[in-house]
Structure formats: C-alpha cells, structure tokens
Asks: 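This is the structure I want to talk about, given as structure tokens.
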Amino acid sequence: MSILPHLATLILSMEYSIIVPAYNEEQSIENALNRIAEVFDTLQKPYEILVIDDGSTDATATLTSNLVSKYPTTKLLRHEINKGKGEAVKTGVSAAKGVYTVFLDADLATEPSTFLSFIPALKDHPIVIGSRKIRDARIAKPQPWYRHVFGNTFNAIIRHTLDLEYTDTQCGFKAFQTPVAKELFQNLETTGWTFDVEILLKAKQKQYSVKELPVTWKNGSMSRVKLSEAPQILKEILALKKRYQSTNK
C-alpha cells in the first residue's frame, strides 16, 4: 500500500529528513554529521539533518550547536530531560519536512550510505526497515555473545507474542514516506526501546506495506540495553499485545 499520490497535496521543501536521536553522544556526533552530509550531498536534493538531543548530560548539544555552521542543513532539537529513544525519534518525525524520513543511530551502527539502497523500495513501500538477519546482511562488528542471545530471544518473543513476521524489529535504521511516519508516530505511547515494535504493530493494523532490506551493522554505543531491563521490556511487549488486540476487536 503506497500513499505517494497524496504527496502532491503536501508542500514539502525537503526531499529527505534524517533523524539522529542522541543521548550522550559527544564522541560520535561530529563523525555522524560528517558521514550523513557526505552521503546525502551526493543525491543533490534538499535534505535536513535533525539531531534530537535527548537530555544529554555531556557536551552533545553544545557540540551540535557549534557544528551547525559547518553543516548548515543541521537543526538541533532538545529535550531538557531524557525521555527515551522513541520520544526522541517522535520529536524528529514531528519536525520533519522531507518527502522521505529516515532515522539512524548516532554511533552509525549502520552507515548512512545504506539509505541509497532504500530509495527504490521507498517508492513502492511506505516503510522500509533494515535487518541484520536476512540474506546479504553482514555483521561487521558483533555484539558480545550475551547481547546476541538476548536480542535473538527478544525477537522470538516479539514474533510469537505479537504475530509480527519481521526478522529484526530492533535494527536502528528505518525509513518512511513522511506522511506515514507522522501518522504512525503521532500518538506513540511507547517511548523506550520497544517503540519500534509499536510502530510496526500500527503499520500492520493500517495494512501498510513494510519492506525489509539487509544492512551491514556494527556494534556501537547505542547498544545500551541492559539485561536488567528485560522484565520492563517484557512488560511493554505484553502491554502492546493487550492494547493492539483490543483495538483489533
């Protein structure tokens, strides 16, 4: 299902909006902006980079502000307190002006150049998500074994509990036709690590076509989910199951 014909009704000056949620990323943010700019400059179409500082306690916001003159397509949006990755991405989506919106992690666990392979698919699918688990995906720098086991278990629970067929709901590289992103994120209730799952549940409910594409991925600083958070994550999954089962009745 595609809503591209409806884009004609929108006045969008940007072609691409790139959202970078950032929490204490002072070591990564300049490299992220540099690599994003390098890639999107080659497309020769207007783009914006939206850095969402999610209540960082380090110099992330200051560094980003100082880099705006070097990367004039960049805008800094700030949360005064840490609200979670889902809320940061939601803030970016709300501000996005592009025809297409993509979000990626500040540590560039997946390189911005990955988006080039997403562009053709976005013309036919309103949502394109990266996967580390399908054919042609590559793990350049693996997680510690215990995080790998945790991730596989988490994915299995999602597939079984929520009946989502995707191989990798948690890959931090996802792209959207922007009107679809705005619709899905508008009333997002899950602000933590499982926000991706809620977005995909909404997409399924609304019968939006979702395309999975392989990515090259390396373990980075955004991989901060702790094993101690497993009970809370499971609680969020069960809450999502209850919420979306009730809305489907």
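Source: prediction; values computed, not measured.
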Asks: Tell me if the CD atom of Glu165 is crowded by more than 12 foreign heavy atoms within 6.0 Å.
Replies: yes

Asks: Hydrophobic clusters here meaning ILVMFWY residues chained together by side-chain heavy-atom distances under 4.5 Å, can you tell me if Ile36 and Ile119 are in one?
Replies: yes

Asks: Is a side-chain donor or acceptor of Glu15 paired with a backbone partner of Tyr47 at a separation under 3.5 angstrom?
Replies: no

Asks: Would you call Asp105-Lys85 a salt bridge at under 4.0 Å N-O?
Replies: yes

Asks: Closer than 3.5 angstrom, by distance alone: can the side chain of Ser17 be matched with the main-chain N or O of Lys97 as a donor-acceptor pair?
Replies: yes

Asks: Name the residue from Thr178, Val180, Val210 that meets the side-chain contact (heavy atoms from CB on, under 4.5 Å) definition with Pro126.
Replies: Val180

Asks: Evaluate the side-chain contact (heavy atoms from CB on, under 4.5 Å) criterion for residues Leu50 and Val20: first the C-alpha distance (whole Å), next the side-chain angles of each, then the deciding distance (0.1 Å), finally the verdict.
Replies: CA-CA 6 Å; Leu50 303 174; Val20 185; over 6 Å; no

Asks: Mind checking the NZ-CG spacing from Lys235 to Leu240? Nearest 0.5 Å is all I need.
Replies: 12.5 Å

Asks: Do the side chains of Val68 and Pro72 get nearer than 4.5 Å, heavy atoms only?
Replies: no

Asks: Looking at Val93 and Lys182, what are the two nearest heavy atoms and their distance?
Replies: O-NZ, 2.8 Å

Asks: Quick one: are Val51 and Leu77 in side-chain contact, heavy atoms under 4.5 Å?
Replies: no

Asks: Do Ile134 and Ile129 sit in one hydrophobic cluster, given that two such residues count as connected whenever their side-chain heavy atoms are within less than 4.5 Å of each other, even indirectly?
Replies: no

Asks: If only atom types and distance count, is the side chain of Ser28 paired as donor or acceptor with the main-chain N or O of Asp107 below 3.5 Å?
Replies: no

Asks: For residues 166-177, which residue pairs pass the salt bridge (charged side-chain N to carboxylate O under 4.0 Å, His left out) check, not counting sequence neighbours?
Replies: Arg132-Asp168, Lys174-Asp196

Asks: Which pair of heavy atoms, one from Gly55 and one from Tyr23, lies closest together, and at what distance?
Replies: O-CE1, 3.6 Å

Asks: How would you list, by chain and number, every residue that makes a ring-ring contact (aromatic ring centres under 6.0 Å, His included) with Phe103, sequence neighbours excluded?
Replies: Phe195

Asks: Name all residues meeting the salt bridge (Lys or Arg N to Asp or Glu O under 4.0 Å) criterion together with Lys70; count only those two or more places apart in sequence or in a different chain, and write none if there are none.
Replies: Glu30

Asks: Which atom names give the shortest non-hydrogen contact between Pro21 and Ala106, and what distance separates them?
Replies: O-CB, 4.0 Å

Asks: From Thr169 OG1 over to Glu198 CD, what is the distance, rounded to the nearest 0.5 angstrom?
Replies: 13.0 Å

Asks: Could you go through the side-chain contact (heavy atoms from CB on, under 4.5 Å) check for Leu67 and Thr74 one step at a time?
Replies: CA-CA 8 Å; Leu67 289 166; Thr74 300; over 6 Å; no

Asks: Just jot down the ring-ring contact (aromatic ring centres under 6.0 Å, His included) partners of Phe173, sequence neighbours excluded, or say none.
Replies: Phe118

Asks: Please find the pair of heavy atoms, one from Leu184 and one from Ala203, that lie closest to each other, and give the distance.
Replies: CD2-N, 3.9 Å

Asks: Distance from Glu38 atom CD to Leu33 atom CG, nearest 0.5 Å?
Replies: 11.5 Å

Asks: Could you check Lys83 against Thr191 for side-chain contact (heavy atoms from CB on, under 4.5 Å), going step by step and ending with a plain yes or no?
Replies: CA-CA 7 Å; Lys83 296 183 177 182; Thr191 60; 5.8 Å; no

Asks: Can you name the closest pair of heavy atoms from Ser131 and Thr167 and give their distance?
Replies: OG-OG1, 2.6 Å

Asks: Examine Leu200 and Leu238 and state if one hydrophobic cluster contains both, with Ile, Leu, Val, Met, Phe, Trp and Tyr joined whenever side-chain heavy atoms are less than 4.5 Å apart.
Replies: yes

Asks: When you measure from the side chain of Glu212 to the backbone N and O of Tyr166, does any donor-acceptor pair fall under 3.5 Å?
Replies: no

Asks: Which distance, rounded to the nearest 0.5 Å, do you find between the CG of Leu234 and the CD1 of Ile158?
Replies: 10.5 Å

Asks: Within the supplied structure, the quantity of interest is the number of heavy atoms (other residues, nucleotides, ligands) at a distance under 6.0 Å from Lys211 NZ; does it exceed 12?
Replies: no

Asks: Hey, what do you get for NZ (Lys202) to CG (Asn187), rounding to the nearest 0.5 Å?
Replies: 5.5 Å

Asks: Step by step, work out the side-chain contact (heavy atoms from CB on, under 4.5 Å) result for Ile19 and Val102.
Replies: CA-CA 6 Å; Ile19 297 169; Val102 56; over 6 Å; no

Asks: Do any N or O atoms from the side chain of Thr60 and from the backbone of Glu25 form a donor-acceptor pair under 3.5 angstrom?
Replies: yes

Asks: Could you walk me through whether Glu189 and Arg243 pass salt bridge (charged side-chain N to carboxylate O under 4.0 Å, His left out), step by step?
Replies: CA-CA 10 Å; Glu189 296 186 35; Arg243 187 184 312 150; 3.5 Å; yes

Asks: Under the salt bridge (Lys or Arg N to Asp or Glu O under 4.0 Å) test, which residues partner Lys75, sequence neighbours left out?
Replies: Glu48

Asks: Tell me which pairs pass salt bridge (charged side-chain N to carboxylate O under 4.0 Å, His left out) where either residue lies in residues 52-67, with sequence neighbours left out.
Replies: Asp53-Arg78

Asks: Would you say the side-chain atoms of Lys241 pair up with the backbone N or O of Thr161, donor to acceptor, closer than 3.5 Å?
Replies: yes

Asks: Will you find, in the side chains of Tyr208 and Gln177, an N or O donor that is under 3.5 Å from an N or O acceptor?
Replies: no

Asks: Looking at Leu104 and Ile18, what are the two nearest heavy atoms and their distance?
Replies: CD2-CG2, 3.2 Å

Asks: Between Lys204 (side chain only) and Ser209 (backbone N and O only), is there a donor and an acceptor less than 3.5 Å apart?
Replies: no

Asks: Can you tell me how far apart OG1 (Thr190) and CD1 (Ile199) are? Round to the nearest 0.5 Å.
Replies: 8.5 Å

Asks: For the side chain of Ser65 and the backbone of Ala61, is there at least one donor-acceptor N/O pair under 3.5 Å apart?
Replies: yes

Asks: Under a 3.5 Å distance rule, please check whether Thr114 uses its side chain to pair with a backbone N or O of Glu111 as donor and acceptor.
Replies: yes

Asks: Tyr16 and Phe40: aromatic ring centres closer than 6.0 Å?
Replies: yes

